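See below for the structure under consideration.
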Number of protein chains: 2
Amino acid sequence: MAPSETLTAERILEATEEVLRRHGPAKATVVDVARALGVSHGSVYRHFRTKAALREAVTKRWLDRTSQELAGIVAEQERDPEQRLRAWLRALFDAKRRKAGHDPELFATYMVLTRESGEAVPEHIADLTSQLTDIVRAGLDAGTFTATDPAVTARAVFQATGRFHDPCYADEWEAPGVEAEYEAVVDLVVRGLRGA
Amino acid sequence: MAPSETLTAERILEATEEVLRRHGPAKATVVDVARALGVSHGSVYRHFRTKAALREAVTKRWLDRTSQELAGIVAEQERDPEQRLRAWLRALFDAKRRKAGHDPELFATYMVLTRESGEAVPEHIADLTSQLTDIVRAGLDAGTFTATDPAVTARAVFQATGRFHDPCYADEWEAPGVEAEYEAVVDLVVRGLRGA
DNA sequence: CAGCTGACAGATATTGAAATCTGTCAGCTG
DNA sequence: CAGCTGACAGATTTCAATATCTGTCAGCTG
């Protein structure tokens, strides 16, 4: 039952997150992870081919947690599409801002990881725009939205609101007036979806 | 007549740009600038209190060149506001993309400079959003746009299109499909301005 | 024999001493 | 005497020696 039960990929990922939290992305080594688990670093390489792969897996896990939070909103059939869209964008902004504000160092760590992770971030973005596409399509079906291609429009919505979910803007999310700016952009976008 | 005429702030700024182009932001020193001008570095400090002030002045000059390019479009009274808005956004995107694509090293240099320049960038953004506000206000007067506060709406337009002018996205401006994404975002925004 | 260890080679990071740079200023020069 | 110079102190950067890390693999262990 002790941590020395069996060495799984999951346990390595948890230990890696902990090491990253403690040491930061620059100083966190595979040797540190192995030490935290009480094994030799060779064992870690049995589960992850390279250090980069290990870091990418950690990043993917972290990003997926956000995606899953938002997936619930897409499924809320009882709310109309515009409300779902507003709730989804709000949840995305809040989730990112909460993570950035609550533990800035860990967030900075993940910003470094997302920069170096080749596939994880594009996949995450594809995931999120796919969710958005579902909402846009629902709006088209209901007749409340106007668009030629829901996927293209969803991507446009995602990019237009980037200032409120793209990590590169994280240090402006606590500035006074951000809420008003968020409302202005979302209103503009929602009106763009409605009107032809 | 020779470069040894008189030492003006303008001549120092030109020499600094040249030194930055050659050496890059990390290695460009005040001593290099002085050497390029054939003076001692003490003379440079007569015109700029610190190295940071010198770099900020260079940055400001560079940013102002873009602002001035765009100011002409705002003044084109013969085109209707929507056309002016589209032309303005297109000119902004093209100008930034041209600079980023034509001389990537110099652009990277300016990205470093804009990060460290405290006032220059906010001023530049204020400048641009002020131009946008003029266009939005013209649209309100003409009755083609709908908005409660032109300044707030202009800022929203600026932020919503950030992906196509904010330097932090520069390395995605040459990717295939960017044009389509640009069109989608601008269409969404313009429709948002029109519809109530 | 499946899974782990630990020594190893090459790559990367750390360190501290030496070199360079920033910003100042007393004095030179035209 | 307005403007420039160049030596200087303290801060920063460079560089090379040293230490650590990554990724592999032959062999150990349960």
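Everything quoted here is computed from the prediction, not taken from an experiment. The chains referred to below are lettered A, B, ... by the order of the sequence lines, with proteins before strands, and numbering in each begins at 1.
Contacts classified as ring pair (Phe, Tyr, Trp, His ring centres under 6.0 Å) and involving residues 12-54 of chain A (residues at least two apart or in different chains) are not found.
Electrostatic pairing of Glu18(A) and Arg22(A) counts as a salt bridge here, judged by a charged N lying under 4.0 Å from a carboxylate O. Between Glu82(B) and Arg191(B) there is no salt bridge, since no side-chain N of the basic residue sits under 4.0 Å from a carboxylate O of the acidic one. Between Arg61(B) and Glu17(B) there is a salt bridge, since at least one side-chain N of the basic residue sits less than 4.0 Å from a carboxylate O of the acidic one.
Of the possible polar contacts, one joining the Glu56(B) side chain to the Ala120(B) backbone as a donor-acceptor pair under 3.5 Å is found.
A heavy atom closer than 4.0 Å to some atom of DNA chain C occurs in Gly42(A), Ser43(A), Arg46(A), these being the qualifying members of residues 42-58 of chain A.
For His165(A) and Phe158(A), the ring centers sit closer than 6.0 Å to each other.
Residue Val31(A) is in base contact, counting any heavy-atom pair closer than 4.0 Å across all strands shown.
Taking the side chain of Ser40(A) as heavy atoms from C-beta on, and the options dG23(D), dG6(D), dG6(C), the nearest nucleotide is dG6(C). Among the nucleotides dT24(D), dT14(D), dT14(C), the one closest to the side chain of Lys27(A) is dT14(C).
Every residue was checked against the side chain to side chain donor-acceptor pair (under 3.5 Å) condition with Thr114(A), not counting sequence neighbours, and none meets it. The salt bridge (Lys or Arg N to Asp or Glu O under 4.0 Å) test applied to Arg163(A) returns Glu172(A), Glu181(A), not counting sequence neighbours.
We find that CZ of Arg11(B) is positioned 15 Å from P of dG3(D), with the value rounded to whole Å. One can place CG of Asp32(B) at 15 Å from C1' of dA19(C), the figure rounded to the nearest angstrom. Taking atom CD on Glu116(B) and atom P on dT22(C), their separation rounds to 12 Å, with Å as the unit. Residue Ile12(B) contributes atom CD1, which lies 12 Å from atom P of dG3(D) at whole-angstrom precision. Here the C1' atom of nucleotide dT29(C) and the CG atom of Leu7(B) are 16 Å apart, to the nearest Å.
Helical stems of DNA chain D (runs of at least 3 Watson-Crick or G-U pairs, donor-acceptor distances under 3.5 Å) are listed by first residue: C:1-30 with D:1-30.
No option in Val31(B), Thr29(B), Val30(B), Val33(B) other than Val33(B) meets the side-chain contact (heavy atoms from CB on, under 4.5 Å) test with Val19(B). Checking each of Lys96(B), Arg97(B), Arg98(B) against Asp94(B) for a salt bridge (charged side-chain N to carboxylate O under 4.0 Å, His left out) leaves exactly one that passes, namely Arg97(B).
Residue side chain His41(B) does not reach the base of dG6(D) through any donor-acceptor N/O pair under 3.5 Å, judged by distance alone.
Using bins of under 30°, 30° to 60° and over 60° for the plane-to-plane angle, the ring pair Phe164(B)/Phe93(B) lands in the perpendicular bin.
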For nucleotides 16-19 of chain D, give me every protein contact, N/O to N/O, under 3.5 Å, one pair per line with atom names.
none

